[in-house]
Amino acid sequence: MLVHLRMQNIALIDDVSLDFEDGFMVLTGETGAGKSILLDGINLALGTRAQRELLRPESGPSQVDLLFSDENGRLSEILSSLGIKEEDGEILMTRSFSETGRSVCRVNGQIVTASTMKEIARYLIDIHGQHEHQSLLDPASHLAILDRYDERIQQAKGEYHDLYLSYQAVAKELKGYLEEEQDKERLLSLMQYEREEIEQAHLRNGEEDELKALRRKLYNSERMQSAVQEALSSLYEGENEPSASDLLGRALHALHGIEDADPDTLKPLTDSLEEASAVLEDIGYQLRTYADDLDMDPQLLEQTEERLNLIRKIQSKYGQTPEKVNAYYEDLLERIDKLEHIQRTKEELENKKNNIEKKLSEKASVLRKLRKEAADTLSREVTALLGTLQFNDPLFAAQILEEDTFRSYGTESVEFRIRTNVGDKVKPLHMIASGGEMSRIMLAIKTVLARKDEIPTLIFDEIDSGISGRTAQSVAQKMAQIASYHQVLCVTHLPQIAAMADHHYGIEKVVEDGHTRTKVLRLDREQMIDELARLTGGAAITETVRKSARELKDQADGWKHSLREVKA
């Protein structure tokens with residue numbers, strides 16, 4: 001549930017910190033005091049787009065913090081899948097804005113995208129405003145509401161959907177082969193050309209690097225030959241000057257002539273010179289061999305360039321490496337085989353599609369049966385609740401509309417229909433329901449779903465629009481019932497709903513130092529009564545009005561006490 005809220009520099013709010021508890025909480029205040037700002041701030045921390053007028057760059061950065069408790073660890077696995085660690089059963093959602101308007105979203109200190117924040121938020125909190133009643137007018141939303149009613153539907157729906165994806169994949173593949181069959185000869189000709197082109201190229205791993213090295217050698221062959229000949233001349237074949245080999249031979253001859261005079265010193269030196277002479281001879285042999293290799297066929301460079309061009313052409317068409325070209329080739333062979341035996345392939349796919357379709361039909365039947373059962377029960381429960389919300393002989397019906405094709409959600413849709421007065425016909429919601437009626441219908445549905453919904457916190461933003469008197473009292477009681485299973489926060493103008501609160505927050509607009517600011521105060525019991533008196537009597541709060549407000553609060557407390565006894 002929502003444990004704490006802090007808002008800084010949001011519209012008229014400088015810095016507000018509020019602690020929340022379980023049960024039924026209400027927010028009240030004069031029109032324009034800033035109740036909507038508080039909810040706008042909450043929405044910001046849940047990842048919604050920021051409206052420029054909410055931010056106050058002249059006052060510094062803006063920030064909203066929402067702290068939730070997750071005592072049973074229900075969200076731990078969901079957060080873990082998003083790379084976020086839950087800390088001691090708490091989830092801190094933070095949205096901060098710089099003076100330039102750039103926002104940063106964090107969950108438990110980790111930076112996330114706004115879409116990730118929205119994904120997490122939908123497991124934590126559900127906000128219902130006046131505009132959200134419009135969703136009831138859209139039949140597309142009715143199926144989702146019905147499916148939430150029975151957890152067995154969720155499991156059956158998941159099994160159906162997995163099978164539906166397989167069915168769609170096979171149907172798509174089969175359609176592709178049916179289209180290819182019409183153009184079989186052209187496609188086969190193209191594929192066979194590609195196969196032959198790859199086979200004739202006969203690419204080899206490492207060949208391109210080898211050819212590039214050879215080409216570099218061929219381009220520099222003349223310069224290399226000249227350098228090798230110069231080296232050989234210096235070592236062995238000097239014409240006008242003695243070569244290194246000649247000079248080394250003279251040195252050896254000179255030392256051999258005096259070696260016997262001092263053998264201990266001169267013998268090692270002559271031995272080293274002889275080793276040097278042997279090394280020089282080996283170098284000469286290798287240089288001559290290398291020089292012979294450099295005498296290359298002039299056509300070799302042209303052939304090397306042609307081979308490199310072919311390799312580049314094949315790899316640009318079928319893959320950037322020989323491995324990728326080979327993978328394309330293997331896939332190509334499989335496609336050719338299927339196309340050459342397209343009739344066999346079609347029959348295999350058609351059999352596979354028919355088998356999946358049979359299983360899908362069975363899953364769809366199970367799903368339809370569960371939805372019909374849920375629709376009957378939901379219709380009875382909502383009808384019964386509407387009877388307590390000042391409707392005259394109401395009838396609510398979740399009508400199952402069967403379709404003749406497989407859809408991602410099943411083979412049926414749902415349309416909510418209603419009768420609100422004696423003698424009326426049952427018609428779709430959008431044809432008869434007024435704004436005030438839509439509020440009560442939504443509340444009835446939420447009351448029925450309350451025990452089944454896993455979302456811990458519900459916020460109702462002035463959904464009491466268009467109701468008063470006994471209807472308002474009935475709505476207040478239904479909200480208190482929902483608060484038996486969820487944490488409920490309600491923004492309201494009605495004293496009947498405010499009196500039912502377990503915790504009451506008053507919002508007021510004040511002028512300080514020449515600036516208008518919004519303040520939020522948690523009210524004690526006497527302050528609650530004063531606020532109820534204001535809601536009841538307006539500006540003139542007399543003792544009679546206060547007495548009436550106290551009586552209203554006592555009656556609400558008594559009703560809640562009896563509700564808890566029944567629940568116990």
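Computed from a predicted structure; not experimentally measured.
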Q155 atom CD: more than 12 heavy-atom contacts under 6.0 Å: no
More than 12 heavy atoms of other groups within 6.0 Å of E77 CD: no
Within-4.5 Å side-chain heavy-atom neighbours: F20 and T457: no
Set of residues satisfying side-chain contact (heavy atoms from CB on, under 4.5 Å) with respect to S166, sequence neighbours excluded: I356
Neighbour count above 12 (heavy atom, 6.0 Å) for E151 CD: no
Under the salt bridge (Lys or Arg N to Asp or Glu O under 4.0 Å) test, residues paired with D337 that sit two or more places apart: R344
With sequence neighbours excluded, residues passing salt bridge (Lys or Arg N to Asp or Glu O under 4.0 Å) with E323: none
R204, CZ: over 12 other non-hydrogen atoms inside 6.0 angstrom: yes
Residues D150 and R371 bridged, charged N to O under 4.0 Å: no
Residues which pass salt bridge (Lys or Arg N to Asp or Glu O under 4.0 Å) with R407, listed by chain and number, not counting sequence neighbours: E403
Contacts under 3.5 angstrom, residues 105-120 side chains, donor-acceptor by atom type, not counting sequence neighbours:
| residue | atom | partner | partner atom | Å |
| --- | --- | --- | --- | --- |
| N108 | OD1 | L92 | N | 2.8 |
| N108 | ND2 | K85 | O | 2.8 |
| N108 | ND2 | E90 | O | 3.4 |
| Q110 | NE2 | G83 | O | 3.2 |
| T113 | OG1 | S115 | OG | 3.0 |
| T113 | OG1 | T116 | N | 3.1 |
| T113 | OG1 | T116 | OG1 | 2.9 |
| E119 | OE1 | R122 | NE | 3.1 |
| E119 | OE2 | R122 | NE | 3.4 |
| E119 | OE2 | R122 | NH2 | 3.3 |

K317, NZ atom: more than 12 neighbouring heavy atoms under 6.0 Å: yes
Partners passing ring pair (Phe, Tyr, Trp, His ring centres under 6.0 Å) against Y409 (at least two apart in sequence or in another chain): none
For Y329, ring pair (Phe, Tyr, Trp, His ring centres under 6.0 Å) partners two or more places apart: none
Geometric class of the H142/F416 ring pair [parallel <30°, tilted 30-60°, perpendicular >60°]: parallel
Electrostatic pair E357:K353 at N-O distance under 4.0 angstrom: yes
Residues D376, K372: salt bridge by 4.0 Å N-O rule: no
Which residues share a ring pair (Phe, Tyr, Trp, His ring centres under 6.0 Å) with Y123, sequence neighbours left out: none
Lys/Arg-Asp/Glu bridge criterion (N-O < 4.0 Å) met for E415, R417: yes
Which side-chain N or O atoms in residues 274-284 pair as donor and acceptor under 3.5 Å with protein atoms at least two apart or in another chain?
| residue | atom | partner | partner atom | Å |
| --- | --- | --- | --- | --- |
| E274 | OE2 | H256 | NE2 | 3.3 |
| D282 | OD2 | Q286 | NE2 | 2.7 |

For residues 358-367, please give each side-chain donor-acceptor pair under 3.5 Å, one per line with the distance, not counting sequence neighbours.
| residue | atom | partner | partner atom | Å |
| --- | --- | --- | --- | --- |
| K363 | NZ | E159 | OE1 | 3.2 |
| S365 | OG | S361 | O | 3.0 |

Partners passing ring pair (Phe, Tyr, Trp, His ring centres under 6.0 Å) against Y164 (at least two apart in sequence or in another chain): none
Residues in salt bridge (Lys or Arg N to Asp or Glu O under 4.0 Å) contact with D65, at least two apart in sequence or another chain: none
